[in-house]
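Below is one structure, written out as C-alpha cells, with a few remarks after it.
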Amino acid sequence: MAIALESVPRHIAIVMDGNGRWASKRFLPRIAGHRQGVEVLKRVVRACGVRGVSVLTVFAFSSENWKRPVDEVSALMDILVVALSRELNQLKKEGVQLRFIGSREGLSERVKQSLKDAELATAENHSLTLNVCFNYGGRWDIVNAAQALSASGEAITEESLARRLSTFVTGDPDLIVRTGGEMRLSNFVLWQSAYSELFFSEVLWPDFDETTLDAAIQAYASRERRFGMTSAQLPGARNEAT
Ligand code: IPE
Ligand code: IPE
Ligand code: MG
C-alpha cells in the first residue's frame with residue numbers, strides 16, 4: 001500500500017498489548033508471548049524505518065506491571081537484557097538510536113547496566129529513534145517533570161513543564177497505536193497524547209505485522225488534525241469553507 005511520505009506520522013507510539021492472551025490461546029506460558037513480542041518489535045522497527053517514521057516509542061513495561069506475578073516480572077527483565085545483548089549490533093547497523101524512558105528505581109544493577117550500555121552504543125545513530133518505555137508511567141513522567149521544575153525555580157508554564165518530560169527531545173507522538181483490543185492508555189504518555197491520533201486494533205501484539213502498521217498509518221493519513229481550529233483555517237484549506 002503506497003502512502004505519500006508527507007502523510008506518514010513522524011512519531012508513532014505503540015502500546016504493545018496482548019502477549020499473554022496470544023500465548024494462552026496456544027496453551028503456552030505467558031512468557032512465550034513476550035518472547036514473540038520482541039521478534040515482532042524488531043520487524044516493526046525495520047518497517048517504520050522503511051516508511052520514513054523518525055521516532056518510534058514503545059510501551060514495554062509500565063509502572064503498574066510490577067503488580068504481576070514475580071516470575072513474570074523477572075522473566076520480562078531477563079527478556080530485555082537478553083534481547084539487548086543479542087540485537088545491539090543489528091540495531092547499530094540499522095542506525096537505530098535507543099533511549100530508555102522511565103524510572104530506573106527498582107531495576108537491578110544488571111538491567112540498569114544493560115540499558116546504559118545500549119544507549120551509549122547507539123548514541124550516535126540517527127536514522128530512527130526507538131524510545132523504549134520501561135518502568136514508565138505517564139503520571140511518573142509528569143511528577144518527575146514537576147519536581148525538576150520546582151527545584152529549578154523557573155515559572156510554571158506548559159512549555160517549562162513539557163521541557164522536563166522524558167520524551168521532550170523526540171516530541172509528542174503523532175499517532176498512538178494500541179494492540180490487543182483494549183481502548184485505554186493505561187498510564188502511557190498522558191501529557192504527550194493531548195493531540196495524538198489514536199488507533200486501536202484487535203490484533204494481539206505478537207500477531208502484529210506490516211499490514212496492521214499500514215492500516216494504522218492509512219487511518220492516520222485520513223484524519224484531519226485541527227488542533228482546535230476550524231477546517232478552513234488549516235494550511236491548504238480553501239477559504240470559502242468557513
Ligand atoms: C503486554 O502484553 C506486555 C506487557 C504488559 C509487559 P500483556 O502481557 O499485557 O498481554 P495480555 O494483555 O495479558 O494479553
Ligand atoms: C499496558 O498494558 C502496558 C504495556 C503494554 C507495557 P497492560 O496489559 O499492563 O494494561 P492494562 O493492565 O490492561 O490496562
Ligand atoms: Mg495486557
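None of the values given here were measured: they were computed from a predicted structure. Both counts, for ligands and for their atoms, begin at 1 and track the order of listing.
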Check your understanding: Within the structure, does Gly20 bring an N/O atom to less than 3.5 angstrom of an N/O atom in ligand 1?
Key -> yes
Review point. Heavy-atom distance under 4.5 Å between the side chains of Arg164 and Ser160, does that happen here?
Key: yes
Revision key, fill the gap. At under 4.0 Å between heavy atoms, what of Phe61 touches ligand 2? The answer is backbone
Review point. Quick one: nearest non-hydrogen protein atom to atom 9 (O) of ligand 2, plus distance?
Key: Asn65 ND2, 2.9 Å
Check your understanding: For ligand 2, which part of Glu182 has a heavy atom less than 4.0 Å away: the side chain, the backbone, both, or neither?
Key -> neither
Point to revise | Side chain, backbone, both or neither: the part of Ala60 lying under 4.0 Å from ligand 2 by heavy atom | key: backbone
Practice item. Could you tell me if any non-hydrogen atom of Gly18 lies under 4.0 Å from any atom of ligand 1? Key: yes
Point to revise | Heteroatom of Asp17 nearest to the Mg ion (ligand 3) (N, O or S, atom name) | key: OD1
Check your understanding: Within the distance-only criterion (no hydrogens, no angle test), does the side chain of Asp174 pair as donor or acceptor with the backbone N or O of Pro9 below 3.5 angstrom?
Key -> no
**Study point:** Validation row: Leu88, Leu98 side chains within 4.5 angstrom (heavy atoms)
**Key:** yes
Check your understanding: Mind checking whether Gly33 has a heavy atom under 4.0 Å from ligand 1?
Key -> no
Check your understanding: Given that the side chain starts at C-beta and the backbone is N, CA, C, O, which of these parts of Arg178 lies under 4.0 Å from ligand 2, counting heavy atoms, or is it both or neither?
Key -> side chain
Review point. Ring centres of Phe100 and Phe134 under 6.0 Å apart?
Key: no
Check your understanding: Which atoms of ligand 1 have any heavy atom of Met16 under 4.0 Å away?
Key -> 1 (C), 2 (O), 3 (C)
Point to revise | For atom 7 (P) of ligand 1, closest protein heavy-atom neighbour | key: Asp17 OD1, 3.5 Å
Study note, to complete from the structure: Contact region, Arg21 to ligand 2, non-hydrogen atoms below 4.0 Å, reads neither
Review point. Under a 4.5 Å cut-off applied to non-hydrogen side-chain atoms, are Glu224 and Ser231 in contact?
Key: yes
Check your understanding: Is there side-chain contact between Met16 and Leu41, with at least one heavy-atom pair below 4.5 Å?
Key -> yes
Review point. Hey, does Asn144 have a side-chain heavy atom less than 4.5 Å from the side chain of Gln147?
Key: yes
Review point. So which protein heavy atom does atom 4 (C) of ligand 1 come closest to, and at what separation?
Key: Arg68 NH1, 4.0 Å
Practice item. Nearest heavy atom to atom 3 (C) of ligand 1 wins, so pick from Asn19, Leu204, Thr179, Val73. Key: Asn19
Exercise for review: Could you tell me the residue and atom name of the protein heavy atom closest to atom 13 (O) of ligand 2, and the distance to it rounded to 0.1 Å?
Suggested key: Arg184 NH2, 2.8 Å
Review point. Would you say Ser166 and Asp141 make side-chain contact, with heavy atoms under 4.5 Å?
Key: yes
Check your understanding: Does CD belonging to Glu124 count more than 12 external heavy atoms closer than 6.0 Å?
Key -> no
Check your understanding: What part of Ser62, side chain, backbone, both or neither, has a heavy atom within less than 4.0 angstrom of ligand 1?
Key -> neither
Practice item. Indicate yes or no: at least one non-hydrogen side-chain atom of Ile176 is less than 4.5 angstrom from one of Glu197. Key: no
Exercise for review: Taking the side chain as every heavy atom from C-beta outward, state whether Asp17 and Arg178 have any atom pair closer than 4.5 Å.
Suggested key: yes
Check your understanding: When you measure from atom 14 (O) of ligand 2 to every protein heavy atom, which one gives the shortest distance, and what is it?
Key -> Ser186 OG, 2.6 Å
